[in-house]
Every structure is written in C-alpha cells, then in structure tokens.
Amino acid sequence: MDLGNIKNGNEENGSEKNQAEKNVETNTLGKRRNSTSPSLTDEPVIKKIKTDCDESENEEEDEPENEKENDDENIPQPVKKRKEAEDIPKLYRLLHENEDITKGLTAKSPGAEKDVATHVATGSKRGRSSQYISTCASLYKAESFRNLKLNSGYKWGMKHIAEIDVGSLPDNVEIIDLRTKMLRRKYEISDKEINENFHKFADSHQEVLLMGTVPASCLKLIKFTGVVPDSDNSCSDSDGCGFDCDSYNSNQDSDSDWY
C-alpha cells in the first residue's frame, strides 16, 4: 500500500471534516442572528425610566415665555421717592380737631385761587380758606406753634400732629417750599403789609405748603402727651404765631386754615 496515498487521504478527510464543522458553526450563527434574542455583537439597549425629576425639568423647559415675564414683573421694584425728600424728608401739620389722618388730608377749599402770600399772612382769620395745606418743616416748629396756641387760651383742640412722609407723596401733590426769603420772593404781591407778614410767619414756622390730597399711607400720627411747656401768650415778631390773637380771644369758634 502506498503510504503517501494514505496520508493524502487522511488529510483530505480532515480537511473535509474541518469544512463541515465550519459550515455547522456558520449555520448556527445565522440562526442566532435571525432569532428574536439580541445579537451578541449588538450594543445593549438601556431603557430610561421616567421620574418626577424628569417631569419637573420638562415643565421648566416647556414654560411659556409670558409666564417667565410675569415672574420678572413680580420681583419687587425700588420705590420711587420724591426728589424733594432729599432736602425735606418729613413735614409736620398741627391737626384740626376734625381732621382724621386715616382719611388723608385735604385743603378746606381745594378749588380756591388764593395767592400764597395772602394765605400765609391771613389764613388764620375767620372766614378765610384756601387751596393750601400748611405744614412745618420740623417737628420742633410744629410743637412750638401748638404750645403757643394752647397757652394763649385758644380752645380749638389743635393738639395732635401729623407727620408727612415727603418721599411717598404722589406726584400730583404740589410742594411749595417757603423756608427761605429767596424762595418766597416770587410769591410776593403788591400789598406791603401782606408781604411783611408773609415773610415773618413763613420764616418763623419754616412753612411748606401742599396742594392736593395727602393719602393716609403718607401720614403718621404723633399724639399729644398733655404736657404744655410755658410759652409767651403774646403775638410778637419773635413768636411768628401767624394768627390774630385778638380775634381768637374774642371768638373761640373762629375758623383757621393755617394749621
């Protein structure tokens, strides 16, 4: 027997066997790829579970622009203050007995056309009313005026004082500053006597006039404690009392626009 032929036959048989095994493996892999199970070479599929956090993020992303703008509008804005408040932060008014700060403050005759000088010089006399609200630029001046009235025997009930926050006054409330002679000059009239009293009283009380309605939100009540310091009853120039003492002493029910 030829040994070479036997060897070649064995090699051919082995080769055929290996080929058959490869075919089997190929068929097996083909079946696996066609099956419903994932392929060994396929990347794993990660299933994301939706959570509450995801919903919250989505809601923020989907939030309409107008709602975001509304949120911006709800942010507190700085309060605009009157420029006059830089120089006069507070004003003080000696209240009439019938004035209630919870209802705000208004002049007795808002539609009147009285000039400033005449109001300051004669506003306290009976039957005279105007469109102005008189105030003092300091609490000390308002208290001094109150003490003067109470010690003069004037029984009209003007005891409590209203503090006015100038910074929060509405823009439609006009502020007329009469604290200096230079500021008062433009309000002088042709009557010399009126002008003299106008300057005297306005200077003594550091007077500032208001025109318009002062809202209750701008007012704070300073209650009278009942203590009245001794004061001169006369109406001398130094007192600058701004009212006719003789008329008050003779008529306790007289009206006044002054304070």
Side-chain angles (χ1 to χ4, degrees), residues 79-125 128-146 148-149 156-189 194 197-224 240-243 255-259:
V79 178
K80 181 181 177 182
K81 289 185 174 291
R82 294 284 295 259
K83 63 179 182 179
E84 295 90 345
E86 297 177 5
D87 188 31
I88 321 172
K90 306 289 182 183
L91 291 172
Y92 301 89
R93 174 174 173 78
L94 182 59
L95 295 170
H96 293 292
E97 190 173 28
N98 61 348
E99 286 183 313
D100 181 358
I101 66 168
T102 63
K103 299 177 181 178
L105 293 176
T106 57
K108 288 188 176 180
S109 302
E113 297 181 356
K114 194 174 194 177
D115 62 85
V116 169
T118 302
H119 165 79
V120 175
T122 65
S124 62
K125 292 183 178 179
R128 299 182 183 235
S129 60
S130 76
Q131 69 273 31
Y132 304 111
I133 301 172
S134 290
T135 71
C136 294
S138 76
L139 178 59
Y140 170 76
K141 291 294 184 180
E143 289 176 334
S144 297
F145 186 66
R146 174 179 62 192
L148 179 66
K149 285 201 167 192
W156 194 33
M158 297 174 72
K159 298 178 180 179
H160 303 309
I161 294 173
E163 180 184 270
I164 303 169
D165 182 13
V166 176
S168 60
L169 283 174
D171 291 336
N172 62 354
V173 175
E174 184 179 352
I175 300 173
I176 303 174
D177 189 354
L178 303 175
R179 292 176 298 163
T180 67
K181 190 170 185 177
M182 183 177 67
L183 292 171
R184 295 190 295 267
R185 283 188 186 280
K186 63 181 178 180
Y187 299 107
E188 292 178 346
I189 61 175
I194 290 290
N197 287 330
F198 165 49
H199 285 290
K200 179 176 65 175
F201 300 153
D203 180 66
S204 178
H205 297 294
Q206 287 294 282
E207 188 162 3
V208 177
L209 303 182
L210 300 178
M211 280 185 63
T213 299
V214 179
S217 58
C218 301
L219 301 170
K220 175 183 175 182
L221 183 65
I222 301 175
K223 290 188 176 182
F224 177 57
C241 57
F243 62 89
D255 206 351
S256 171
D257 259 351
W258 234 96
Y259 280 95

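In this text the structure is predicted, and so the values were computed from the model without any measurement.
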How close do [X] and [Y] get, heavy atom to heavy atom, and via which atoms?
{"X": "G212", "Y": "I133", "result": "O-CD1, 3.5 Å"}
{"X": "S130", "Y": "H119", "result": "OG-ND1, 2.8 Å"}
{"X": "L91", "Y": "A137", "result": "CD2-CA, 3.9 Å"}
{"X": "A121", "Y": "F201", "result": "O-CE1, 3.7 Å"}
{"X": "L94", "Y": "F145", "result": "CD2-CD2, 3.6 Å"}
{"X": "S134", "Y": "R93", "result": "O-NH1, 3.1 Å"}

Could you tell me which residues satisfy side-chain contact (heavy atoms from CB on, under 4.5 Å) with [X], sequence neighbours excluded, listed by chain and number?
{"X": "T213", "result": "T106"}
{"X": "A112", "result": "S109, Q131"}
{"X": "K181", "result": "R184, R185, H199"}

[X] side chain to [Y] main-chain N or O, any donor-acceptor pair under 3.5 Å?
{"X": "H160", "Y": "F224", "answer": "yes"}
{"X": "K141", "Y": "S204", "answer": "yes"}
{"X": "S144", "Y": "Y140", "answer": "yes"}
{"X": "R146", "Y": "K159", "answer": "yes"}

To the nearest 0.5 Å, tell me how far [X] [atom1] sits from [Y] [atom2].
{"X": "I176", "Y": "T135", "atom1": "CD1", "atom2": "OG1", "answer": "10.5 Å"}
{"X": "Q206", "Y": "I88", "atom1": "CD", "atom2": "CD1", "answer": "9.0 Å"}
{"X": "E84", "Y": "I175", "atom1": "CD", "atom2": "CD1", "answer": "4.0 Å"}
{"X": "I101", "Y": "L221", "atom1": "CD1", "atom2": "CG", "answer": "4.5 Å"}

Evaluation steps, side-chain contact (heavy atoms from CB on, under 4.5 Å), between L95 and I161: CA-CA 6 Å; L95 295 170; I161 294 173; 6.0 Å; no
Would you call [X] and [Y] a side-chain contact if the rule is heavy atoms closer than 4.5 Å?
{"X": "L210", "Y": "L105", "result": "no"}
{"X": "I222", "Y": "Y92", "result": "yes"}
{"X": "K114", "Y": "T122", "result": "yes"}
{"X": "V208", "Y": "C136", "result": "no"}
{"X": "D87", "Y": "V166", "result": "no"}
{"X": "K220", "Y": "K90", "result": "no"}
{"X": "L178", "Y": "F198", "result": "yes"}

Salt bridge (charged side-chain N to carboxylate O under 4.0 Å, His left out) partners for D177, two or more places apart: R179
Within residues 166-175 or reaching into it, pairs that qualify as side chain to side chain donor-acceptor pair (under 3.5 Å) - sequence neighbours excluded: D165-S168
Counterpart residues, side-chain hydrogen bond (donor to acceptor under 3.5 Å, both in side chains), relative to D203 (two or more places apart): none
